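Working notes for the structure below.
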Amino acid sequence: MLDGAKAKAILKVLQGCNSFTRLRKIQAQVIVCGLHCDPSISTQLLRFCAVSVSGSLAHAQLLFDKMPDPPTQAWNSIVRGFSQSHSPLLALAYYNRLLSDSLLARPDTFTFTFALKAVEKLKALPKCREIHGSIITTGYGRDTVVCTALTRCYAKNGSLEDARFLFDKMPERDLVAWNAMISCYSQAGRHEEAMEMYERMRNENVGLDAFSIVGLLSSCAHVGALGLGVQLHRIACDTGLVRNVFVGNALIDMYAKCGSLDDALSIFTGIRRRRRDVFTWNSMIHGFGVHGLGNDAISFFEQMLAAGMRPNSITFLGLLCGCSHQGLVREGVDYFHQMSSKFNLTPGIKHYGCLVDLYGRAGNLDKALETIETSPSRDDPVLWRILLGSSKIHKNVASGEKALRNLMRLGAVTAGDCVLLSTIYAGANYLSGFAKMRKLIKTLGVKTTPGWSWIEISNQVHKFVVDDKLHPDSMQVYEKLEEVTKRATSAGYVKEEPVILNLPGSWSEGGCSETPSSCHSEKLAIAYGLARTPEGTSLRIVKNLRVCKDCHSFTKFVSKAFNRSIVVRDRVRFHHFVDGVCSCGDYW
DNA sequence: ATAGGGTTAG
């Protein structure tokens, strides 16, 4: 029978155990001493095999299957172990067995949280509902921890509505529950709702911690909400949370994505060398990249290596993005190859996309084509669409046709693609091609992404759509726009008439830039910004599509005529307009 | 003995 002192000693050794070989030795010893019959010892052993980093799930399974009627703790360990593994389905298999087969053991709050973790990974909404049912029938429906796990599980399975419903019904919500809700919204791209949660937290006097700030900052970054971002930064400073690396990293990203690279950089330098992690570096490098500062991206990449930090595949996306926007073809190609040769990373479809873009944007359409054809993703429409975009920039009919033909081969042609090619045809005065595209567009049906722009004025976001007549200050905006256009024109602006295709309804230019129209949304936002802010204030515009050529030129002349710096964040990069010049060097 | 919340790309 069990000797209490011996058991205690063995448990202690188990707790300090950090290698699997050692674990097995201890296990052998346990068996020799006859201690394996002691449920507390074998359960402990099982837990180590199942969840410790040096354990082994296969071994845990063997141990588990030898137990005559495992206690709840043992079930929990095995469910937990598999929920963290690559086969979360097995976690559910054990969970099901516990519910149906076990005579003795009942699931408890721990079992449910572990099972829910498995479902999070599996994307199985019905299973989530089923577990929810069991939670209620077993009487754990009011447990805060279980409810939080359940909320997250619903959210990760795509039902933010169920998640929110459950959250609102929770008898008690602690900070963890709030943070879970915020991060779920943020990760699902529902940024406005994430920010709404913050409003509610303030009204209900719930505090904030690093988790809340990180989630909220991520949403600010995505939508470009500098005002709220700055507020959160201030709170982080007041509470000392700025020293948290997660917060620091999120701040870098937020400032970079809101167009304040200088602030991003000062946060970066404020993080002590040794605390900088791969997120810190990646966020900064990507920040330079989307601002078109390829050389800075490269310089930081080299500093990162010098600091002994290993880059990952995300690092290269930022780096290649920078090279592409600055036209650093040779460097970009070199880094692309270094990924596999020096860093043992396999370029993914996005990296190939960067490479195609790098060549294509620079006008080397042959190389762009060759890249696609020799890549493992030559059957991915994304790459062909990039080539089509490059063909449009360089008005190249042959390569545009090639891209479209491949999109057809893949059955992936959209009306937007045809619009792009038709623009190329129109530019080349190739009327029969143009007519063919028009016909095709009609058969495909016209789908459109409506363009919008917004501008933040004293922490208030104002959104404009194409030919906006809905904004409350609409009249004022159009009046101002007239004046602005006059002054820009006397500074040298000439309106570039878009190719009019005369199609029914509105359409988007391959999801890239706005419909040809009398008035794109950013012009309205700019006019509004000029009317509502004092002389000299810089304007920040965020838009969902690419800037068109006319608006780009317009903004340049406005920045000169009104002596304002204007920052425009479009779908893929930043444009900083100062004194008639754009940071992109008209290369976008 | 064991639990629920965090950043980059897309």
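So that the names make sense, note that chain A is the first sequence line, chain B the second, and so on, each numbered from 1. Predicted model, so just to flag it, every value in this text is computed and none were measured.
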_What's A:H351 touching, base or sugar-phosphate or nothing? Going by heavy atoms closer than 4.0 Å._
nothing
_Under 4.0 Å, counting only non-hydrogen atoms across every strand here, what does A:S313 touch: a base, just sugar-phosphate, or nothing?_
nothing
_Does A:K123 have more than 12 heavy atoms from other residues, nucleotides or ligands lying within 6.0 Å of its NZ?_
yes
Distance check needed: [N] [atom2] versus [X] [atom1], whole Å only.
| X | N | atom1 | atom2 | value |
| --- | --- | --- | --- | --- |
| A:K350 | B:dG10 | NZ | C1' | 4 Å |
| A:L317 | B:dA9 | CG | P | 9 Å |
| A:I135 | B:dG4 | CD1 | P | 14 Å |

*asked:* For A:L116 and A:L150: C-alpha separation, side-chain torsions, deciding distance, then whether side-chain contact (heavy atoms from CB on, under 4.5 Å) applies.
replied: CA-CA 7 Å; A:L116 287 168; A:L150 199 46; 3.5 Å; yes
Scan for salt bridge (charged side-chain N to carboxylate O under 4.0 Å, His left out) pairs involving [range], sequence neighbours excluded, and state none if there are none.
| range | answer |
| --- | --- |
| residues 61-90 of chain A | none |
| residues 245-256 of chain A | A:D253-A:K257 |
| residues 134-156 of chain A | A:E120-A:R152 |

For DNA chain B, determine which residues of [range] have any heavy atom closer than 4.0 angstrom to one of its atoms, and list them numerically.
| range | result |
| --- | --- |
| residues 242-258 of chain A | A:N244, A:F246, A:N249, A:D253, A:K257 |
| residues 77-87 of chain A | A:R80 |
| residues 185-209 of chain A | A:Q187, A:D209 |

Expected list for residues 211-218 of chain A: side-chain donor-acceptor pairs under 3.5 angstrom, two or more places apart:
| unit_1 | atom_1 | unit_2 | atom_2 | d |
| --- | --- | --- | --- | --- |
| A:S212 | OG | A:N179 | OD1 | 2.9 |
| A:S212 | OG | A:D209 | N | 2.9 |
| A:S212 | OG | A:D209 | O | 3.2 |
| A:S212 | OG | A:D209 | OD1 | 3.0 |
| A:S218 | OG | A:S186 | OG | 3.4 |

*Could you list all the side chain to side chain donor-acceptor pair (under 3.5 Å) pairs where at least one residue sits in residues 314-325 of chain A, not counting sequence neighbours?*
A:N282-A:T315, A:N312-A:T315, A:S324-A:D357, A:S324-A:R361
*Inter- and intrachain pairs under side chain to side chain donor-acceptor pair (under 3.5 Å), touching residues 234-252 of chain A, at least two apart*: A:N249-A:D277, A:N249-A:T280
*asked:* Strictly below 4.0 Å: does A:S218 bring a side-chain N or O up to OP1 or OP2 of B:dT7?
replied: no
_At less than 4.0 Å, is any side-chain N or O atom of A:R152 found next to OP1 or OP2 of B:dG6? Yes or no._
yes
*Looking only at side-chain atoms of A:T109, point me to the closest of B:dT7, B:dT8, B:dA3.*
B:dA3
*Identify which nucleotide among B:dG6, B:dG4, B:dA9 has an atom closest to any side-chain atom of A:H222, counting heavy atoms from C-beta outward.*
B:dA9
For residues 347-356 of chain A, which side-chain donor-acceptor pairs fall under 3.5 Å, sequence neighbours excluded?
| unit_1 | atom_1 | unit_2 | atom_2 | d |
| --- | --- | --- | --- | --- |
| A:H351 | ND1 | A:G348 | N | 2.9 |
| A:H351 | NE2 | A:S313 | O | 2.8 |

Donor-acceptor contacts, no H, no angles, side chain residues 293-302 of chain A, under 3.5 Å, sequence neighbours left out:
| unit_1 | atom_1 | unit_2 | atom_2 | d |
| --- | --- | --- | --- | --- |
| A:S299 | OG | A:Q303 | NE2 | 3.3 |
| A:E302 | OE2 | A:Y335 | OH | 2.6 |

Please list every donor-acceptor pair under 3.5 Å in which a side-chain atom of residues 158-166 of chain A meets a protein atom from a residue at least two apart or in another chain.
| unit_1 | atom_1 | unit_2 | atom_2 | d |
| --- | --- | --- | --- | --- |
| A:S159 | OG | A:D162 | N | 3.2 |
| A:S159 | OG | A:D162 | OD2 | 2.5 |
| A:E161 | OE2 | A:R190 | NH1 | 3.4 |
| A:E161 | OE2 | A:R190 | NH2 | 2.9 |
| A:D162 | OD1 | A:R129 | NH1 | 3.3 |
| A:D162 | OD2 | A:R129 | NH1 | 3.2 |
| A:D162 | OD2 | A:R129 | NH2 | 3.2 |
| A:R164 | NE | A:D168 | OD1 | 3.4 |
| A:R164 | NE | A:D168 | OD2 | 3.1 |
| A:R164 | NH1 | A:Y185 | OH | 3.0 |

